[in-house]
Amino acid sequence: MTAGVVIVGGSVAGVHTARALRERGYTGRVRVVEAETEAPYDKPPLSKAALDGDPRVPLLTDEAATALGIDLILGRRVTELSTATSTLVLDDGSEWTYEQLVIATGAAARPAPWSCPGVHVLRTLADARALRAGLSEARELLVVGAGFIGAELASLARGCGIAVTMVDEAELPMARVAGAVLGARFAGLHREHAVDTRFGVRVGTLEHDGERVRAELSDGSVVHADIVAVGIGAVPDIGWLASAGLPVRNGLECDEFGRVRGHDRIHAVGDVACWHQPRSGTAARIEHWTNAIEQAVCVAHNIVHPDEPVPHDPVAYVWSDQYDWKIQLIGARDLTRDPQIIEQPEPFRMAALWSDEHGIVTGGVTVNWPRASVRMRKAVGRDIPAAEIGAQLTGVPA
Ligand SMILES: Cc1cc2nc3c(=O)[nH]c(=O)nc-3n(C[C@H](O)[C@H](O)[C@H](O)COP(=O)(O)OP(=O)(O)OC[C@H]3O[C@@H](n4cnc5c(N)ncnc54)[C@H](O)[C@@H]3O)c2cc1C
């Protein structure tokens with residue numbers, strides 16, 4: 001049997017690459033090797049599924065893998081890559097060769113700066129189960145980091161009546177992705193749900209006194225909590241590639257076809273990959289679910305049709321569920337500019353539209369307004385004035 005395609009990492013990007021290879025008619029061998037022993041599962045439910053339910057949503061069962069002719073190898077970590085011999089070394093000492101390699105090792109939660117009992121990060125199912133077990137006995141939660149994960153966990157905890165204090169060194173939550181005007185609205189959303197928000201301050205020391213956690217903040221105040229959730233970002237999982245000599249700059253540097261620069265038979269997809277973006281002419285590592293899947297499909301096509309490669313030039317998209325707000329972020333937002341806001345009170349929905357210096361729509365954010373989000377996704381990149389979209393949205397239902 002030929003070496004075929006080896007996919008390192010069996011989560012969102014890796015599993016979708018394997019599936020897309022089969023959907024596009026690839027008949028060679030497909031092997032997916034995944035470090036976790038859990039069968040592949042989806043990540044977004046880990047911070048969204050109800051606390052009393054199971055957050056596990058399967059991505060690929062053993063049966064489905066067998067039916068698709070995908071060799072799914074769980075509980076094995078790839079430790080080394082030799083590009084000279086097209087060989088991977090696994091943590092059991094075995095060596096695999098590949099014809100095509102897809103690197104889909106994603107990212108790991110940025111570690112919490114404090115190691116004491118009660119402190120959690122959230123990236124894996126095991127993290128989610130540990131955090132949920134802790135929350136089931138907690139009365140007070142301290143959330144460090146008011147980004148997507150921190151906000152979703154605060155929302156889940158408040159839904160169960162757990163008191164929440166949220167700390168972020170930024171003055172406003174989500175302002176890094178949605179700007180100050182919307183950041184102020186997100187801050188208001190947390191406060192409306194009785195979250196004790198401490199923005200513009202850092203956690204200095206954090207200790208466990210045997211019963212509870214005590215955190216001292218940079219403004220001198222002290223917060224006590226039963227449990228702490230730290231959501232301060234993720235780092236690409238590339239440590240195992242240290243000796244491989246692949247180009248790294250904020251993840252694995254790839255062209256717009258997903259090929260790692262300088263290596264035609266090595267591709268990278270998902271959170272680990274930093275792809276060239278033809279639309280903006282820049283390189284970006286995008287840590288979002290839709291991007292992982294779109295890149296997987298693109299790379300699968302390019303492996304099956306090497307003579308007709310297609311680039312991936314996305315209109316970026318991400319969603320987040322916070323309290324009763326379904327938030328969707330689309331395209332590019334120049335945060336030095338104020339967006340045009342369209343808002344309707346009953347039932348509440350909101351759209352913020354960003355435009356360039358010529359008034360052309362480049363991206364936006366919607367709240368509880370999926371149809372507005374669809375309109376924006378279609379409009380971005382098509383030279384459509386933001387004012388035109390704004391006028392249309394006024395009549396668009398939720
Ligand atoms: C809690 C949470 C909530 C999220 N919510 C949203 C959301 O609402 N909307 C959104 O757009 N995005 C969301 N995301 C982001 C989205 O899930 C990621 O963009 C997506 O998981 C990226 O997929 P990936 O396969 O590239 O990486 P990962 O999901 O990180 O998977 C990489 C896999 O590679 C494996 N691996 C790593 N190193 C090795 C090795 N050396 N050998 C073998 N296997 C290895 C890991 O075990 C892991 O399973 C969320 C993420 C998290 C953690």
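Atoms within a ligand are numbered from 1 in the order they appear, just like the ligands themselves. Because only heavy atoms are used, hydrogens play no part in the values below, and waters and symmetry mates are left out as well, while side chains stay in. Residue indices begin at 1 and follow the sequence shown.
Under 4.0 Å is where a charged nitrogen must lie from a carboxylate oxygen, and between Arg185 and Glu343 at least one such pair does. With respect to the salt-bridge test (charged N to carboxylate O, under 4.0 angstrom), the residues Glu192 and Arg158 do not qualify. Looking at Arg198 and Asp196, a side-chain N of the basic residue comes within less than 4.0 Å of a carboxylate O on the acidic one, giving a salt bridge. Between Asp271 and Arg123, at least one side-chain N (NZ, or NE/NH1/NH2) sits under 4.0 Å from a carboxylate O, which counts as a salt bridge. For the pair Lys48 and Asp321, the salt-bridge criterion is not met [side-chain N within less than 4.0 Å of a carboxylate O].
When non-hydrogen atoms are compared, ligand 1 lies under 4.0 Å from the side chain of Val8 (C-beta onward) but not from its backbone. Proximity of Thr79 to ligand 1, defined as any heavy-atom pair under 4.0 Å, is not found for any part of the residue. Heavy atoms of Phe148 found under 4.0 angstrom from ligand 1: none, in either backbone or side chain. Residue Ser11 touches ligand 1 through backbone and side chain together, judged by heavy-atom distances below 4.0 Å. Using a 4.0 Å cut-off between heavy atoms, Ala109 makes no contact with ligand 1 at all.
Looking from atom 39 (C) of ligand 1 to the surrounding protein, the closest heavy atom is Thr105 CG2, 3.4 Å. Counting only heavy atoms of the protein, atom 4 (C) of ligand 1 lies nearest to Pro44 CA, 3.6 Å. Of the protein's heavy atoms, Asp271 OD1, 2.8 Å lies nearest to atom 19 (O) of ligand 1. Closest to atom 23 (O) of ligand 1 among all protein heavy atoms lies Val12 CB, 3.5 Å. If you check which protein heavy atom lies closest to atom 11 (O) of ligand 1, you get Trp289 N, 3.1 Å. Of the protein's non-hydrogen atoms, Ser47 OG, 3.3 Å is the one closest to atom 3 (C) of ligand 1. Counting protein heavy atoms only, atom 30 (O) of ligand 1 is closest to Arg123 NH2, 2.8 Å. If you check which protein heavy atom lies closest to atom 8 (O) of ligand 1, you get Lys48 NZ, 2.5 Å.
Residue Val78 has at least one N or O atom closer than 3.5 Å to an N or O atom of ligand 1. The shortest N or O to N or O distance between Glu34 and ligand 1 is under 3.5 Å. The distance criterion of under 3.5 Å between nitrogen or oxygen atoms is not met by Leu46 with respect to ligand 1. The N/O atoms of Ala13, backbone and side chain alike, include one that comes under 3.5 Å of an N/O atom in ligand 1. Backbone and side-chain nitrogen or oxygen atoms of Lys43 are examined, and one is located within less than 3.5 angstrom of a nitrogen or oxygen of ligand 1. In terms of polar-atom proximity, Ala292 is not counted as a contact of ligand 1, lacking any N or O under 3.5 Å from an N or O of the ligand. Not one N or O of Tyr317 is nearer than 3.5 Å to an N or O of ligand 1, by distance alone.
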Q.
Go through it in stages, so that I can follow the logic: the residues are Ile303 and Val102, the test is side chain to side chain contact (heavy atoms under 4.5 Å, CB included), and I'd like the CA-CA distance, side-chain angles, deciding distance and then a yes or no.
A. CA-CA 10 Å; Ile303 289 173; Val102 180; 3.8 Å; yes
Take His263 and Thr83 through the test side chain to side chain contact (heavy atoms under 4.5 Å, CB included) and record every step on the way to the result. CA-CA 8 Å; His263 300 267; Thr83 58; 3.9 Å; yes
| query | Please walk me through it: do Leu125 and Tyr41 pass side chain to side chain contact (heavy atoms under 4.5 Å, CB included)? | reply | CA-CA 8 Å; Leu125 188 58; Tyr41 57 86; 3.6 Å; yes
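Within the listing of ligand 1, atoms 1 (C), 2 (C), 3 (C), 52 (C) sit less than 4.0 angstrom from a heavy atom of Ile149. Counting the atoms of ligand 1 from 1 in the order shown, those under 4.0 Å from a heavy atom of Gly106 are 26 (O), 27 (O), 28 (P), 30 (O), 32 (C). Counting atoms of ligand 1 from 1 in the listed order, those under 4.0 Å from a heavy atom of Arg76 are 43 (C). Of all atoms in ligand 1, numbered sequentially from 1 with element shown, those under 4.0 Å from a heavy atom of Glu287 are 15 (C), 19 (O). Less than 4.0 angstrom separates some heavy atom of Gly270 from each of these atoms of ligand 1: 26 (O). Against a heavy-atom cut-off of under 4.0 Å, Val33 is close to the following atoms of ligand 1: 43 (C), 44 (N). In the vicinity of Gly9, heavy-atom distances shorter than 4.0 Å reach the ligand 1 atoms 34 (O), 35 (C), 44 (N).
Using a distance-only test at 3.5 Å, with no hydrogens or angles considered, a donor-acceptor pair links the side chain of His208 to the main chain of Gly210. Counting only distance, with no hydrogens or angles, the side chain of Asn302 and the backbone of Val299 share no donor-acceptor pair below 3.5 Å. At distances below 3.5 Å, at least one donor-acceptor pair connects side-chain atoms of Glu99 with backbone N or O atoms of Ala3. Listed for the Ser82 side chain is no donor-acceptor partner under 3.5 Å among the backbone atoms of Thr87.
Between the side chains of Ser86 and Arg265, at least one donor N or O lies within less than 3.5 Å of an accepting N or O.
Of the residues listed (Tyr317, Trp319, Phe148), the one engaging Trp289 in a ring pair (Phe, Tyr, Trp, His ring centres under 6.0 Å) is Trp319, and it is the only one.
For an aromatic pair to be called close, the ring centres must be under 6.0 Å apart, and Tyr323 with His190 satisfies this. In this structure, the ring of Trp325 has its center less than 6.0 angstrom from the ring center of Phe348.
Put simply, part of Val318 is less than 4.0 Å from ligand 1, judged by heavy atoms.
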